[in-house]
Amino acid sequence: MPPDADLLIRDVRPMGGDGADIRIEAGVIAEIGAGLSAPDGMAVLDGGGALALPGLVNAHAHLDKTRWGLPWSAHAAGPDRDARIKADRDIRRGLIASTEARARALCEHSARLGTSHIRTHVDVEPEFGLAAVEAILALRDKLKGTVDLDLVAFPQFGLVTNPGTAALMEAAVRAGAESVGGIDPAGIDGDRDGQLDAIFAIAERQGAGIDIHLHETGEEGALSLDAICERTRVLGLGGRVAVSHAFCLGTVDDARAGHLIEAMAEAGVGAVTYAPGNMPVPPLKRLRGAGVTMAVGTDGVRDAWTPYGNGDMLERAMMLAYRLGYRADGDLELALDAVIAGGAELLGLERHGLAVGCPADMVLVQAETIAEAVVSRPPERTVLKGGVSVSGASGP
Ligand SMILES: [Zn+2]
């Protein structure tokens, strides 16, 4: 198929609805309806009655850390955040495969499972400089037409306590990263205002977004989230700021959580979760009810932090639903909507979905309903990126 694909897909069920054909012109959805005609010479794909979904969005990854494609390695880190950071640094020093090769293997695997967009936090710090950012930026160019990458310059090893990091983060944004990251401003740096002031100053100067890892629990995290919302509101950065993990929302009392959610809604601060197994998941329905965007990511996949993960965002939707105790079909659909629509909104994708005018990023699976697709995660998937087949389907 040519790079800007023209294609007629016959007999699919967009979002599990009635059967339809989808005509794609120059990589964009041009028409959806029953019995569409194919112009002369247009390629035709038989959808076989499959369920059609928009491209899946992974809103939180760490592509530079993954060991995807390398032989299995036993988890070596201690049980807490600081031990995992130390192990991350030690392992990073000894990794043989290049960042680009490891990240590429995971990206291509994820794309074959239907992921069309990945936001990846990429480590920036004096010992490693911008090497990881440069590798992922180079990869981004090579993966155009397979999966789109969105970069966050991430101070994994601290910002205020790791001199030189802030300047490198700003350099990463100038080099092409979309957003500035952060991590536990009180818990890691012991200087909430210092870290947040540095992050917001870079974002303001460079016109960048912000996505801050907030593992802090209880009132420590709540105060950090308050401070993030306040800065976002004052600087008018609503819609461009996100908090990843936000464990504090589930570790303060109900009234405090309500105030935090109100502040997020008022300021325009979004939330991202990876549906962790042993920490609270942000309350999806409550956040959406308040008008707060919530997206979903894999977080690390087979790296110093975790042996888990396979890059499959259908599986991540299931994990989110499972962690939230969802059972009804509508609730399972809500979990996948957080992956697709929530992710698209958080990443600022202007057009994403199965609608005329949207890029033809989609995944076809054999399932009766969205709920069934979330639970069964069919391994066989037909994936299109801009109307072009992402080849070599393989199971998760
Ligand atoms: Zn993370």
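Read the numbers this way: they start at 1 and go in the same order the structure lists the ligands and their atoms.
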Peer 1: Could you check whether the rings of His60 and His245 sit parallel, tilted or perpendicular, using 30° and 60° as the cut-offs?
Peer 2: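 Ring orientation, 0 to 90° scale: tilted.
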Peer 1: Using the six-membered ring wherever Trp is involved, compare the ring planes of Trp68 and His109 and label them parallel, tilted or perpendicular (cut-offs 30° and 60°).
Peer 2: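 Trp68 and His109: tilted rings.
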Peer 1: Using a 3.5 Å distance criterion without hydrogens, assess whether the side chain of Arg84 forms a donor-acceptor pair with backbone atoms of Pro79.
Peer 2: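 Present.
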Peer 1: Between His117 and His352, what is the ring plane arrangement, given parallel below 30°, perpendicular above 60°, and tilted in between?
Peer 2: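 Answer is perpendicular, since the angle exceeds 60°.
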Peer 1: Hey, are the side chains of Pro185 and Asp191 touching, using non-hydrogen atoms and a 4.5 Å cut-off?
Peer 2: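 No, every pair of side-chain atoms sits at 4.5 Å or beyond.
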Peer 1: Kindly indicate whether the side chain of Leu36, heavy atoms from C-beta on, has any atom under 4.5 Å from the side chain of Leu8.
Peer 2: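 Yes, their side chains come closer than 4.5 Å.
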Peer 1: What protein N/O/S atoms are there under 2.8 Å from the Zn ion (ligand 1), waters excluded?
Peer 2: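 The answer is His60 NE2, His62 NE2, His213 NE2, Asp299 OD1.
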